[in-house]
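Scope of the values below: all heavy atoms of this structure, side chains included, with no hydrogens, waters or symmetry mates. By convention in this document, chain letters (A, B, ...) are assigned in the order of the sequence lines, proteins followed by strands, and residues within each chain are numbered from 1.
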2 protein chains.
Amino acid sequence: MSTARLECTQAQTVVRRLSAFRELSESAVTALEKAVGERIVRAGAGQDLVSEGEQLDRIRIVLAGWLSRYKTLEDGRRQIVNFVLPGDVVGLPGSFLDRAAASVVALTDVRVRSCSLEAFVRLSFHLPKFGLALSWLAAQEAANYAEHIIDVGRRTPIERLAHLLLELHARLAVVKFAEESAFTLPFTQEMMSDALGLSVPHLNRMLAKLRNEGMIAMSERRVEFLDLKALRQLAQFQPLRPARIPVPEEYELD
Amino acid sequence: MSTARLECTQAQTVVRRLSAFRELSESAVTALEKAVGERIVRAGAGQDLVSEGEQLDRIRIVLAGWLSRYKTLEDGRRQIVNFVLPGDVVGLPGSFLDRAAASVVALTDVRVRSCSLEAFVRLSFHLPKFGLALSWLAAQEAANYAEHIIDVGRRTPIERLAHLLLELHARLAVVKFAEESAFTLPFTQEMMSDALGLSVPHLNRMLAKLRNEGMIAMSERRVEFLDLKALRQLAQFQPLRPARIPVPEEYELD
DNA sequence: CGTCTCATTGAGTTCTGTCAATCTAAGTGG
DNA sequence: CCACTTAGATTGACAGAACTCAATGAGACG
C-alpha cells in the first residue's frame, strides 16, 4: 500500500467516527484538517504520549494503533482506565485540567494528528460544530467509562471479560478495524487483567472458561466470537448508539 | 430564608462551578440563564429524572440536591456510576446517545434548571464558549469516572471508601456545599456500597475501621475528617484542578 | 408501644489473589 | 540447525479477603 493511500485511509478514520455525529461537508473536513491536522506524529509501542502530572496543551486524534490510559498507584498496582482506539482523542481531559490525571501509553506503533489546544479552541469558536463534536465524543467516552465502572464494580470476572471483548470489538467495528465477528488484541493478558481489575492467573482462567464453553476461540491474539448471543447475554452488553446532533438551520451550511 | 434569596444562592451554584473555567461576564450569565434557565423544576427524593433506555432531549443543571447515576443488572445487582452534585449536568451523555445508558435518580429533593437539548445546542452555536464549557465539564466528569474505575478496580475496599469520601467533600466544597472538613451524606450505606462495589456489611466494617483508626468521625450522616493527611495518603487522593480555558482574543468580549 | 428502616455484628463459605512451577513459542547466537 | 534465553501463557496449591445469610441493635415515627 502506498503512503498516499495509507494517509487517505487513515484520514477516513476520523470521518468515519464523526459521520455518526452528522454529515460533514467537504469544506468542514478541510477546515478540520487545516486547523487540527497540521502535524502527523508517530510513536512506537511502549512510548508514553501523556504522563500523569504533566501539563498538557495538545490534543491528538488517533489515526491508527492502540493506546491505553492508565494510572499506577504508589505500590505498583496499575489500573487501565480505558483503551484508546483509532478515531479517539488523546489529551482530554488532560488539557482541560491543570495537569494530566492519568498517563497514556502506546500499545502498538501509533499515528496521531496533533494540534495545540489553542488551535482547537480557536476552531471551535470559528465553527462551533466542532466544539460540539468534542462534547459528543466526550459523551461517548463517558458512557464507556460508566460501563467500565459497572464491569469492575458489579460484573463478575467472567462477565466483565466478556463485556470488554464485546466493547472493544464494537468500537473497532465503527472505524472498520475489526472483522465481522473477530479482532486482534495487540497486548498481553497482563494488560487485560489491569483493565479488568483481576490478577493475571484469574483472567487466564476466565479466558479458558469462555473457550471451554464455546463462546470464543483464541489463536495467538486473535479473538473470534463463536456464540455472540450467549456472550452478549452473559455480559449484558448493549452497543452504544450515538445520536445525531440537531444543528440549528441557520448554521446548517457550516 | 426567603424564596428570592434561595433563588439567588442557587443561581450562584452554576456561576461558582463555571468560574473556575473562566470569568463570566454579567451578559454571559444572562444569556445562559435566558437560554438554559427557562424552566426550574423540582423533584422529590426517590424520583427518577432519567430512566435507562429512555430517549432524552433535555439537559438539566442541578442547583441543589444530590442525585445518583446508576445501572441495574438483570439479577438486581446495582452499580452507582457517580453521584451528581449541585453544579453538575444531568442528561449527558444521555442526550448525545440514542437512548440513555443509565438512570439518574434524585437522592434528596432537588431543584434543577431544565432546557431542551435543542436550545442548548443553539446557545452553543451562538456563544461557542458555552459549548466549550460543556466539554470542560464533561472532561472533569471523565476524570472523576477514571478515578472511580481505579477505585473499584485496584483500590482496596478501605482505600476506595476513603477516596469516595474525599472526592465528595472536594466536589461539594467547589460549590460551597461543604464545611471545611466535614459534610453530610444524604443517603444510606447501601448507596455507598453500590457506588463502591462492596456488600453492605463489608462497607460497614470498613467505615468502622476508619473510625477506629481515628481518621473520621460519623454522627448520623455527618462525616468529619479527623486526620485529613492520613486519609489522603491512604486513598492516594489528588484533588481535581481544572484549567482555565484559553479563549481567542477576538472572542474575548462574548 | 409497635413498626419500620437502617446500622451493626457474627459465622461460615466461596471466590480470587499470591506464589511458584511448568509450558510454549519466538528469537538469538554460535 | 541446534542449544539457550526470554517473555508470556497456563496450571496448581493455598491463604486470606469479601460475600452471603441471618440475627441483633438503635433510632425515627406514627
Side-chain angles (χ1 to χ4, degrees), chain A residues 44-46 66 68 73 75-80 105 107-108 151-162 164-165 184-213 216-224 234, chain B residues 44-46 66 68 73 75-80 105 107-108 150-165 184-213 216-224 234:
Chain A
W66 288 57
S68 74
L73 298 180
D75 61 357
R77 280 172 289 170
R78 183 175 59 174
Q79 176 68 41
I80 291 179
V105 65
L107 297 174
T108 64
D151 282 342
V152 281
R154 288 293 184 210
R155 273 189 257 253
T156 66
I158 196 158
E159 289 168 356
R160 71 181 85 157
L161 170 58
L164 177 68
L165 295 177
T184 299
L185 290 170
F187 49 67
T188 64
Q189 293 187 3
E190 188 183 1
M191 295 292 156
M192 240 189 298
S193 66
D194 280 341
L196 296 175
L198 299 173
S199 64
V200 174
H202 202 62
L203 170 74
N204 185 286
R205 289 186 256 264
M206 295 303 107
L207 268 174
K209 197 166 178 192
L210 282 187
R211 279 195 307 253
N212 290 337
E213 302 196 350
I216 65 167
M218 276 187 76
S219 58
E220 285 307 299
R221 304 222 164 130
R222 184 162 177 280
V223 177
E224 190 178 351
L234 173 65
Chain B
W66 289 56
S68 74
L73 298 180
D75 62 357
R77 279 172 289 171
R78 182 176 60 173
Q79 175 68 42
I80 291 179
V105 65
L107 298 174
T108 65
I150 296 163
D151 282 342
V152 282
R154 288 293 185 210
R155 273 189 258 253
T156 65
I158 196 160
E159 290 169 355
R160 72 182 83 158
L161 170 57
H163 195 272
L164 176 69
L165 295 178
T184 298
L185 290 170
F187 48 68
T188 65
Q189 293 188 5
E190 188 182 2
M191 295 292 155
M192 240 188 299
S193 64
D194 279 341
L196 297 175
L198 298 172
S199 65
V200 174
H202 201 62
L203 170 73
N204 186 284
R205 288 186 252 265
M206 295 303 107
L207 269 173
K209 197 167 179 192
L210 282 186
R211 278 195 308 254
N212 290 336
E213 302 197 349
I216 65 168
M218 276 187 76
S219 59
E220 283 306 299
R221 302 218 166 134
R222 183 162 177 281
V223 177
E224 191 179 350
L234 174 64

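As judged by a 4.0 angstrom heavy-atom cut-off over every strand, Leu198(A) is placed among residues touching the sugar-phosphate backbone only. Note on Pro157(B): only backbone sugar-phosphate atoms sit closer than 4.0 angstrom, heavy atoms only; bases stay farther off.
Put simply, the side chain of Leu198(A) reaches to within 4.5 Å of the side chain of Arg160(A), judged on heavy atoms. Using a 4.5 Å cut-off on side-chain heavy atoms (C-beta onward), Thr188(B) and Arg221(B) make contact.
Heavy-atom nearest nucleotides on DNA chain C were determined for Thr188(B) and for His202(A), and the one closer to the 5' end corresponds to Thr188(B). Nearer to the 5' terminus of DNA chain D, by closest-nucleotide assignment, is the contact made by Phe187(A) (compared with the other of Arg154(A) and Phe187(A)). With DNA chain C read from its 5' end, the first of the two nearest nucleotides for Leu203(A) and Arg205(B) is the one closest to Arg205(B).
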For the pair Arg211(B) and Ile216(B), evaluate side chain to side chain contact (heavy atoms under 4.5 Å, CB included) and give the outcome as yes or no after the intermediate values.
CA-CA 5 Å; Arg211(B) 278 195 308 254; Ile216(B) 65 168; 4.0 Å; yes
Can Met192(B) and Met206(B) be said to form a side chain to side chain contact (heavy atoms under 4.5 Å, CB included), step by step?
CA-CA 12 Å; Met192(B) 240 188 299; Met206(B) 295 303 107; over 6 Å; no
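Spacing between atom CE of Met218(A) and atom P of dT24(C) amounts to 17 Å, rounded to whole angstrom units. For the pair Ile158(A) CD1 and dT14(C) P, the interatomic distance rounds to 19 Å; values are reported in whole Å. If you measure from atom CD of Gln189(B) to atom P of dC6(C), you get 11 Å, rounded to the nearest angstrom. Straight-line distance from the CZ atom of Arg211(B) to the P atom of dT9(C): 7 Å, rounded to whole Å. Rounded to a whole Å, the CE atom of Met206(A) is 10 Å from the P atom of dC15(C). Summarising the geometry, the separation between CG on Asn204(B) and P on dG10(C) is reported as 11 Å, rounded to the nearest angstrom. Distance CG (Leu185(B)) to P (dC6(C)): 15 Å, rounded to an integer number of Å. Atom CD in Glu159(A) sits about 10 Å away from atom P in dT16(C), given to the nearest Å.
Closest approach of Val152(A) and Gly197(A) over heavy atoms only: CG1-N, 4.3 Å.
A donor-acceptor pair is defined here as one N or O able to donate and one able to accept, closer than 3.5 Å; no such pair exists between the side chain of Glu224(B) and the backbone of Met218(B). Side chain of Arg154(B) to main chain of Arg77(A): no donor-acceptor pair is present (N/O by atom type, distance under 3.5 Å, no hydrogens or angles).
For DNA chain D, the contact window with chain A, defined by any atom under 4.0 Å from a protein heavy atom, covers dG8(D) to dA13(D) in 5' to 3' order.
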